[in-house]
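In this chain, residues are counted from 1 in sequence order. FYI, side chains are in, hydrogens and waters are out, and symmetry mates aren't considered; it's all heavy atoms of this structure.
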Amino acid sequence: MATLGAIADDLTGATDVALALTSAGYRTAVVLGSDAPDGDGAADGADAVVVALKSRTMPAGEAVAASLDALARLRRAGCERFYLKYCSTFDSTPAGNIGPVAEAVLEALGETVTVVAPAFPANGRTVYRGHLFVGDEPLDESPMRHHPLTPMTDSNLLRLLAPQVSGGEDDVALVPWPTVARGDEAVREAIGRASRAGARFVVVDALTDEDLATLARATEDLRLLTGGSALAQGLRGPRTLARTPVALPGGPRVVLSGSASRATQGQVRHALAVGGGRQLRPADLREDFEAAVSAAVSAALEAADAPFVVYATASPEDVVDTADAPLIEEALAETAERLVAAGTRALLVAGGETSGAVVQRLGVGALALGPEIDPGVAWMRGRRDGEDIHLMLKSGNFGREDLFVRAWEGGL
Ligand SMILES: Nc1ncnc2c1ncn2[C@@H]1O[C@H](COP(=O)(O)OP(=O)(O)O)[C@@H](O)[C@H]1O
Ligand SMILES: O=C(O)[C@@H](O)C(=O)COP(=O)(O)O
């Protein structure tokens, strides 16, 4: 029976935390919100279940309702501990959804305190004195400042979180790095002190995986943890798991990219230099959606062995109009569906919202994880109409520059 339930606010984040849980020793299943297990025995065979929502950019009330529904299902399936997975760049707006969801889940569990730990050192996300860094840059000086849906204009996690929770500033506290460096007992005591002083959301500094392992040990008695994926890696799962290699099917090597993030931009450029591609421009989609999508599908199916990228990814100088996001998601989901109908059995999708739109459309059921290719990135196997579909769902800022080419090479 599953004992750990995770709720991820997007699908790439779900893959990411599932990889971390697997390396921590949990046999982990990933399911879309609508397929979340319900009732006794529903998650048998898994030690941990990750429910993938698309709640990062929903209105806060809807995100809370979807998260509480996932929580209720996970509890009915036997889970006792819970993990809220949000982005390692804390993607949210002043209205949420990290704070409102964390508060609602904490209250539903009848708990008084949780920790806030977005750090993901392997991908350059660290937290010091409550400030989130992306590589060398504070979050608000990184390209996240210009994210189309959740622009991040502050790097201070306490300042970002306070307006999102009902107790405001009094509800948030910090355990600074010097305390973390003193070890798990010191962190446990500091969280206890913060809680007694009235804070329910305790941001904890972390510069390394070892800091996150300290935090995981210090919070063994908390029923709710919140963070990026790296904190989950420090949990103690019930077994040691070996990863089975992935055998990708033949056929076109199509990448669908709706991510406008910096890493994706480099990956698109790199793949275009090696293979082919077609840009889906919002103006073309508005003018003749059908023509734009069918041209992209035909070109992708004609491409031989080289990767082919269908992308909306805008170059940095292009103005990205947020209002176009749903249209682009719809176009990439439609492209995916037509490619699969034409026999394509492996797709690499870049972008969390984009992945949610594509996978919802494909309806592939529970996803089984393959080995990690880059930190937080793996091929996953789903089933549709009795056949395997391989999907790599890549977070916008994850992966090395050659990922869109390397992902298709053998020996993964
Ligand atoms: N050229 C563009 N104009 C407007 N919106 C875009 C453009 N390119 C991508 N988008 C939208 O931006 C959003 C990017 O989010 P997402 O897929 O989560 O990527 P990431 O993982 O990089 O954040 C998607 O909703 C996508 O449709
Ligand atoms: O924690 C992370 O950085 C990722 O797991 C994640 O959630 C990234 O989101 P997208 O960049 O929107 O894919």
Only pairs under 3.5 Å count here: list side-chain donor-acceptor contacts from residues 170-177, not counting sequence neighbours, and write none if there are none.
{"from": "Asp171", "atom 1": "OD1", "to": "Arg200", "atom 2": "N", "distance (Å)": "3.4"}
{"from": "Asp171", "atom 1": "OD1", "to": "Arg200", "atom 2": "NE", "distance (Å)": "3.0"}
{"from": "Asp171", "atom 1": "OD2", "to": "Gly167", "atom 2": "N", "distance (Å)": "3.1"}
{"from": "Asp171", "atom 1": "OD2", "to": "Arg200", "atom 2": "NE", "distance (Å)": "3.3"}
{"from": "Asp171", "atom 1": "OD2", "to": "Arg200", "atom 2": "NH2", "distance (Å)": "2.7"}
{"from": "Trp177", "atom 1": "NE1", "to": "Asp211", "atom 2": "OD2", "distance (Å)": "2.9"}

Candidate pair Leu109 and Leu71, rule side-chain contact (heavy atoms from CB on, under 4.5 Å), full reasoning: CA-CA 9 Å; Leu109 291 172; Leu71 176 72; 4.1 Å; yes

Short side-chain to backbone donor-acceptor contact, Thr214 and Val180, under 3.5 Å: no

Thr15 side chain near Met380 side chain, heavy-atom distance below 4.5 Å: yes

Verdict with reasoning, Arg81 to Glu220, per salt bridge (Lys or Arg N to Asp or Glu O under 4.0 Å): CA-CA 10 Å; Arg81 269 194 109 193; Glu220 270 170 354; over 6 Å; no

Salt bridge (Lys or Arg N to Asp or Glu O under 4.0 Å) assessment of Glu334 paired with Arg338: CA-CA 6 Å; Glu334 181 67 26; Arg338 292 190 194 186; 2.8 Å; yes

Candidate pair Ser92 and Leu160, rule side-chain contact (heavy atoms from CB on, under 4.5 Å), full reasoning: CA-CA 9 Å; Ser92 54; Leu160 286 167; 5.5 Å; no

Student check: side-chain heavy atoms of Met152 and Ser142 closer than 4.5 Å: no

Which atom of Asp374 lies closest to which atom of Glu372, heavy atoms considered: O-CG, 3.2 Å

Any Leu225 side-chain heavy atom under 4.5 Å of Leu235 side chain: yes

Side-chain donor or acceptor of Arg223 paired with backbone N/O of Glu80 under 3.5 Å: yes

Gln233 side-chain N/O to Ser23 backbone N/O, donor-acceptor pair under 3.5 Å: no

Side-chain donor/acceptor of Glu401 to backbone N/O of Ala263, under 3.5 Å: no

Spacing of Leu393 atom CG and Trp379 atom CH2 [to the nearest 0.5 Å]: 9.0 Å

Any donor-acceptor pair under 3.5 Å from Arg145 side chain to Asp140 backbone: yes

Residues, nucleotides or ligands: over 12 heavy atoms within 6.0 Å of Arg236 CZ: no

Pairwise distance CG(Asp91) to OG1(Thr89) - rounded to 0.5 angstrom: 3.5 Å

From CA spacing to verdict: side-chain contact (heavy atoms from CB on, under 4.5 Å), Ser195, Thr112: CA-CA 7 Å; Ser195 171; Thr112 51; 4.3 Å; yes

Val101 side chain near Asp9 side chain, heavy-atom distance below 4.5 Å: no

Considering all heavy atoms, the nearest Pro59-Asn97 contact: C-OD1, 4.2 Å

Sequence-distant partners of Tyr86, ring pair (Phe, Tyr, Trp, His ring centres under 6.0 Å), two or more places apart: Phe90

Least distance between heavy atoms, Phe133 atom then Asp136 atom: CD2-O, 4.4 Å

Minimum heavy-atom distance Gly227-Tyr83, with the two atoms named: O-CE2, 4.0 Å

Within 6.0 Å of CZ in Arg381, more than 12 heavy atoms from elsewhere: no

Any Val17 side-chain heavy atom under 4.5 Å of Thr28 side chain: no

Gln265 side chain vs Ala260 backbone, donor-acceptor pair below 3.5 Å: yes

Candidate pair Asp10 and Lys85, rule salt bridge (Lys or Arg N to Asp or Glu O under 4.0 Å), full reasoning: CA-CA 9 Å; Asp10 80 349; Lys85 161 70 179 69; 5.3 Å; no

Backbone of Gly45 reached by a side-chain donor or acceptor of Arg27 within 3.5 Å: yes

Expected output: side-chain Arg281 to main-chain Asp284 donor-acceptor under 3.5 Å: no

pair Val115-Thr226: side-chain heavy atoms closer than 4.5 Å: no

Ionic contact status for Arg345 with Asp388, cut-off 4.0 Å: no

No-hydrogen, no-angle side-chain donor-acceptor test under 3.5 Å, Thr313 and Ser257: yes

Trace of the ring pair (Phe, Tyr, Trp, His ring centres under 6.0 Å) decision for Tyr311 with Phe404: CA-CA 12 Å; Tyr311 62 102; Phe404 291 178; 9.9 Å; no

Min side-chain heavy-atom separation Val105-Glu111 under 4.5 Å: no

Side chains of Met392 and Val377 in contact at under 4.5 Å (non-hydrogen atoms): yes

Expected output: side-chain Asp402 to main-chain Val405 donor-acceptor under 3.5 Å: no

Distance-only donor-acceptor check, side chains Lys394 and Thr264, under 3.5 Å: yes

Arg278 CZ to Ser298 OG distance, which is reported to the nearest 0.5 Å: 8.5 Å

Shortest non-hydrogen separation from Ser355 to Leu11 and the atoms involved: O-CD2, 3.4 Å

Distance, nearest 0.5 Å, that separates OG1 of Thr344 from CZ of Arg253: 12.5 Å

Check: Phe398 ring centre within less than 6.0 Å of Phe120 ring centre: yes

Donor-acceptor contact below 3.5 Å, side chain Gln279 vs main chain Val310: no

Leu74 side, atom CG; Leu4 side, atom CG - distance, nearest 0.5 Å: 9.0 Å

Derivation of the side-chain contact (heavy atoms from CB on, under 4.5 Å) call for Met144 and Thr153: CA-CA 8 Å; Met144 284 306 298; Thr153 55; over 6 Å; no

Electrostatic pair Glu330:Arg361 at N-O distance under 4.0 angstrom: yes

From OG1 (Thr354) to CG (Leu256), nearest 0.5 Å: 9.0 Å

Distance-only polar pair, side chains of Ser55 and Glu62, donor-acceptor under 3.5 Å: no

Pair Glu353 + Arg56, salt bridge at N-O below 4.0 Å: no

Ala306 to Gly275 - nearest heavy-atom pair and separation: CB-CA, 3.8 Å

If you look only at distance, which donor and acceptor atoms sit under 3.5 Å apart when one is on a side chain in residues 124-131 and the other is two or more places apart or in another chain?
{"from": "Arg125", "atom 1": "NE", "to": "Ser88", "atom 2": "OG", "distance (Å)": "3.0"}
{"from": "Arg125", "atom 1": "NH1", "to": "Asn123", "atom 2": "O", "distance (Å)": "2.8"}
{"from": "His131", "atom 1": "ND1", "to": "Ser155", "atom 2": "OG", "distance (Å)": "2.9"}

